[in-house]
Amino acid sequence: MDKQNWELGTQAVQGEYWPDNAKARVVPLEMSTTYRYDTCEELAKVFDLEQDTNMYTRISNPTTDILERKISLMEGGVGALATSSGMAAVSIALLNICKKGDSILVSNTIYGGSYTLFTTTFKDIGIEAIVFNPDISEEEILGLAKPNTKLIYGETIGNPLANVIDFEKFSNVAKKLDIPFIVDNTFATPFLCRPFDFGANIIIHSTSKYIDGHAVALGGIIVDGGNFNWDNGKFPELVEPDESYHGVSYVKQFGKSAFISKARVQIMRNFGMTPSPFNSWLINLGCETLHLRMRKHSDNALKIARYLRDSNMCEWVKYPGLEENQYYTLAQKYLPNGCSGVMTFGVKGGRDSARKFINSLKMVALVTHVADSRTCVLQPASTTHRQLSDDELVACGISPDMIRLSVGIEEPEDIIADFEQAFEKCR
Ligand code: PLP
């Protein structure tokens, strides 16, 4: 059976692990930093990238390898690299092709941590973030690009605004500029959206979110679509010999997997943002139920969004699954299986009411997280987006009264009952 043709749910459960006779049925946890070799000659081949086996866990590990191959299969990529966190995935993916003197085109409706990374740390090392509103036209985005622009970056579903990006527009910009389109697919997961089908070249996930799904393990992953020609004169670091690695040319040696191979043997080897094999094992276990959970998250979220829309205590609610939402049409096109579990809303009475509402919740918890099985809330202006100035907050569409809600997989009646009693306290 060709596992590329399996349904996504089957890939999530069984993808890329089949035990040998009488071996563990469940993905084994190989908690080892090192690997034994019979001869110096054999180990030398691994160092020379001639033999694809493990040498040291900072670079690869058998348990992590199964997770990487599974997510790559689910996204339809040519290879993946798991990382210690989502931020590590974002950093490695971008530093793989950007250096001092380059610029990047970045949507401004992205996770606050990524936004801060691009606009401060990257700035400090000489990489300029050209920030744009993802709803502007293709021509306007093209007008912002510079000759040194190396990529365009967005999130399938933005955190926290739950806006959906127009993949066709992003992909057209990338093609016209001959640069890769990198997308953070954390909130959609491959179950709701497969960005390579819509022109993306590199996918990033914070696996700490839905892919783990249980809020037990921090992690990230980069998936390579193998669908970008790096030998176009703009990315010499993938074509020219890498003196730091025995003069290898990634494009020549690895072909379609050049990007992800360089990310592993150069950036990961040097920075070491490696996941623990135990985290990879936990994330793989969580991933086995991804398809079941994403259905339930999306169904629940739609019910809760409708409840909030009809509640006289709620000022506004933004969820791309609601017909009246600005992103409904894009969601129908790119997220036909559901719109995931994240939405934002405002409580009548503004900032103070929002705080009172959150403080009154009894089952729904206030946590710095989203996208796990338990429903949770957070006020972005005082937490995730705290570093941003008022002007930046407004530019990113974050209002002081905004509550970010991540709908879990409990039964929706109980979430609504908790909201009802909390709203009562705000009257
Ligand atoms: N990307 C998105 C969309 C996120 O929501 C987050 C974290 O919330 C990250 C990346 C960073 O991931 P991590 O917290 O695993 O470093």
Side-chain angles (χ1 to χ4, degrees), residues 64 67 71 75 80-95 104 106-122 129 134 153-165 170 182-193 195 200 202-223 268 271-276 279-280 282-283 286-287 294 297 320 335 339-344 366-372 374 376-380 383-388 396-398 402 404-407:
T64 301
L67 172 69
I71 306 288
E75 286 287 21
L81 176 69
T83 59
S84 54
S85 69
M87 290 313 298
V90 176
S91 305
I92 292 177
L94 271 64
L95 292 176
I104 57 178
V106 177
S107 155
N108 69 358
T109 56
I110 56 171
Y111 167 57
S114 304
Y115 187 92
T116 305
L117 170 73
F118 300 151
T119 54
T120 61
T121 310
F122 273 27
Y153 185 96
E155 288 176 4
T156 305
I157 304 175
N159 177 5
L161 294 185
N163 61 305
V164 180
I165 56 166
F170 274 62
I182 302 189
V183 68
D184 182 329
N185 198 32
T186 298
F187 278 10
T189 82
F191 184 71
L192 299 181
C193 179
I202 304 292
I203 295 172
I204 289 168
H205 287 278
S206 164
T207 54
S208 328
K209 307 295 178 313
Y210 288 118
I211 290 184
D212 159 27
H214 300 79
V216 292
L218 214 62
I221 201 159
I222 306 164
V223 190
M268 179 63 100
F271 279 98
M273 300 183 236
T274 316
S276 156
N279 276 13
S280 299
L282 287 169
I283 291 164
C287 186
M294 291 317 291
H297 281 293
L335 304 162
C339 292
S340 194
V342 181
M343 69 188 75
T344 56
L366 167 63
V367 298
T368 311
H369 202 240
V370 274
D372 70 69
R374 300 161 204 87
C376 60
V377 287
L378 170 94
Q379 200 179 15
T383 54
T384 47
H385 286 64
R386 206 179 163 74
Q387 287 89 341
L388 303 195
C396 296
I398 313 273
M402 176 188 285
R404 180 183 70 183
L405 165 65
S406 171
V407 179

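Both counts, for ligands and for their atoms, begin at 1 and track the order of listing.
What sits closest to atom 5 (O) of ligand 1 on the protein, heavy atoms only, is Asn159 ND2, 2.8 Å. Annotation: atom 12 (O) of ligand 1 to nearest protein heavy atom, Ser206 OG, 3.0 Å. The single protein non-hydrogen atom nearest to atom 4 (C) of ligand 1 is Tyr111 CG, 3.6 Å, given as residue, atom name and distance.
Only side-chain heavy atoms of Glu155 come within less than 4.0 Å of ligand 1; its backbone N, CA, C and O stay farther off.
Every residue meeting the side-chain hydrogen bond (donor to acceptor under 3.5 Å, both in side chains) condition with Asp372, not counting sequence neighbours, appears here in chain and number order: His369, Arg374. For His205, the ring pair (Phe, Tyr, Trp, His ring centres under 6.0 Å) criterion is met by no residue, not counting sequence neighbours.
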(request) Determine, step by step, whether Val90 and Leu117 satisfy the side chain to side chain contact (heavy atoms under 4.5 Å, CB included) criterion, reporting the C-alpha distance in whole Å, the side-chain angles of both residues, the deciding distance to 0.1 Å, and the verdict. (result) CA-CA 9 Å; Val90 176; Leu117 170 73; 3.9 Å; yes

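Residue Ala89 places no heavy atom under 4.0 Å from ligand 1. The shortest separation from a heavy atom of Lys209 to ligand 1 is under 4.0 Å, placing the residue in contact.
For the residue pair Thr156 / Asn185, a side-chain donor-acceptor distance below 3.5 Å is found, with atom types taken as modelled.
If you number the atoms of ligand 1 from 1 as listed, the ones under 4.0 Å from a heavy atom of Ser208 come out as 13 (P), 15 (O). The atoms of ligand 1 that sit less than 4.0 Å from any heavy atom of Asp184 are 1 (N), 2 (C), 3 (C), 10 (C). Less than 4.0 angstrom separates some heavy atom of Ser85 from each of these atoms of ligand 1: 15 (O), 16 (O). Those atoms of ligand 1 with a heavy atom of Gly86 less than 4.0 angstrom away are 11 (C), 12 (O), 13 (P), 15 (O), 16 (O). Counting the atoms of ligand 1 from 1 in the order shown, those under 4.0 Å from a heavy atom of Gly219 are 15 (O).
For the atom pair Thr189 OG1 and Leu335 CG, the distance stands at 9.5 Å (nearest 0.5 Å). A distance of 8.5 Å separates CD1 in Ile283 from CD1 in Ile211, rounded to the nearest 0.5 Å.
When ring centroids are compared, Phe118 and Tyr153 come within the 6.0 Å threshold.
With Ser206 contributing its side chain and Gly220 its backbone, the two residues share no donor-acceptor pair below 3.5 Å.
Remark: ligand 1 and Met87 share an N or O pair separated by less than 3.5 Å (distance only, no angle test).
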